[in-house]
Amino acid sequence: TLGTQWWPLVLVFTIRFARVGKTKDALLAALFFVLAFLACGYHGVIAVAVLPPFLAVLFWGRWDRLKAGLLAAVLAGLALLPVYRMHQNALEPERYARGTEETILYSAAVESFFATSGWNRVYGEIGDGFRTVGPNNLFPGLMVPALVLAGVIVVRRSSERPSREAIALGVLLLTTALVALGPPGSRGAGRGHGDCRLRHTAA
């Protein structure tokens with residue numbers, strides 16, 4: 001949970017940059033992306049996989065943003081390069097590599113999207129039947145889905161088309177869920193991506 005604290009700011013400033021085109025917003029999005037990656041490297045790697053479709057929807061046809069966007073992306077990459085090199089040097093002597101089997105092992109099961117932790121005072125007992133092995137409990141609660149549904153109803157009643165930002169966020173949500181489920185044919189072991197701090201310590 002602590003590792004996700006920067007991601008809303010990444011999305012906010014990316015959307016602002018897409019709307020207005022200010023280089024400042026692109027640089028702030030890059031800054032918060034770096035901080036988010038440093039907070040949890042696993043979330044950063046997953047973001048690299050799920051953000052491209054989101055960015056494609058936001059920036060398609062807005063080619064005047066390309067130069068500033070590339071500058072921000074390059075600066076973020078340079079800022080993270082020392083971390084990558086440190087990680088590479090630490091793992092190289094161990095000849096460590098992750099394969100498809102391990103990806104499948106730590107992917108989510110469909111039922112985990114309806115599961116909460118056992119200590120959850122609101123949904124803990126209700127979600128018990130969906131809880132699988134490990135900490136991979138992905139149920140977001142009812143408030144966020146309710147707000148999304150309310151937004152859909154408002155848009156439909158006003159006969160307006162969904163905004164580009166709304167479509168981009170929907171694409172991001174779908175892409176994230178697909179990545180969480182793992183490779184095609186994987187049912188997911190339901191063990192989740194684990195604790196970033198513990199995993200980095202082990203590495």
Side-chain angles (χ1 to χ4, degrees), residues 1-19 29 32-33 35-37 39-40 42-60 103-196:
T1 301
L2 292 175
T4 65
Q5 61 186 314
W6 301 111
W7 289 113
L9 294 173
V10 174
L11 298 181
V12 164
F13 285 102
T14 300
I15 290 174
R16 282 189 182 183
F17 173 58
R19 284 179 174 174
F32 291 122
F33 179 85
L35 292 175
F37 211 120
C40 182
Y42 290 94
H43 292 169
V45 171
I46 293 170
V48 172
V50 302
L51 284 178
F54 166 78
L55 297 175
V57 174
L58 272 184
F59 292 98
W60 190 265
T103 302
I104 293 174
L105 175 65
Y106 291 107
S107 62
V110 174
E111 58 266 28
S112 64
F113 289 95
F114 302 95
T116 64
S117 298
W119 48 261
N120 188 301
R121 295 186 179 183
V122 179
Y123 305 111
E125 293 184 6
I126 299 175
D128 185 61
F130 298 105
R131 200 171 299 120
T132 54
V133 179
N136 200 11
N137 306 307
L138 304 178
F139 180 59
L142 296 179
M143 183 59 69
V144 172
L147 289 173
V148 171
L149 180 60
V152 171
I153 293 173
V154 169
V155 170
R156 286 184 64 86
R157 287 183 175 179
S158 64
S159 300
E160 296 180 4
R161 296 183 60 183
S163 66
R164 184 192 290 237
E165 292 80 7
I167 295 173
L169 289 170
V171 169
L172 179 62
L173 177 62
L174 178 61
T175 308
T176 303
L178 291 175
V179 169
L181 291 172
S186 168
R187 296 180 60 186
R191 293 182 57 182
H193 297 287
D195 184 291
C196 292

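- Of all the heavy atoms in F114 and F139, the pair that sits closest is C-CB, 3.8 Å.
- Separation of atoms OG (S159) and CZ (R157) is listed at 11.5 Å; rounding is to 0.5 Å.
- Atom CZ of F113 is surrounded by more than 12 heavy atoms from other residues, nucleotides or ligands within 6.0 Å.
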**Study point:** Full working for side-chain contact (heavy atoms from CB on, under 4.5 Å) between F17 and T14
**Key:** CA-CA 5 Å; F17 173 58; T14 300; 5.7 Å; no
**Study point:** Stepwise side-chain contact (heavy atoms from CB on, under 4.5 Å) check, F37 with V10
**Key:** CA-CA 11 Å; F37 211 120; V10 174; over 6 Å; no
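- Of all the heavy atoms in S112 and A108, the pair that sits closest is OG-CB, 3.5 Å.
- Atom CD1 of I46 sits about 11.0 Å away from atom CG of L51, to the nearest 0.5 Å.
- The minimum heavy-atom distance linking P162 with V155 is given by the pair N-CG1, 4.1 Å.
- The minimum heavy-atom distance linking V57 with R164 is given by the pair O-NH1, 3.1 Å.
- Looking only at side-chain heavy atoms (C-beta outward), V122 and L142 stay at 4.5 Å or farther from each other.
- The OG1 atom of T176 sits 11.0 Å away from the CG atom of L181 when rounded to the nearest 0.5 Å.
- Side-chain atoms of V48 and F33, non-hydrogen and from C-beta on, do get closer than 4.5 Å to each other.
- Looking at every heavy atom in both residues, A39 comes nearest to W6 through CB-CD1, 4.1 Å.
- Distance check, rounded to the nearest 0.5 Å: CG of L58 to CD1 of I167 gives 10.0 Å.
- T4 and H43 get closest at one heavy-atom pair: CG2-CE1, 3.7 Å.
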Exercise for review: Start with the C-alpha gap between L172 and L11, add the side-chain angles, then the distance that decides, and say whether side-chain contact (heavy atoms from CB on, under 4.5 Å) holds.
Suggested key: CA-CA 10 Å; L172 179 62; L11 298 181; 3.9 Å; yes
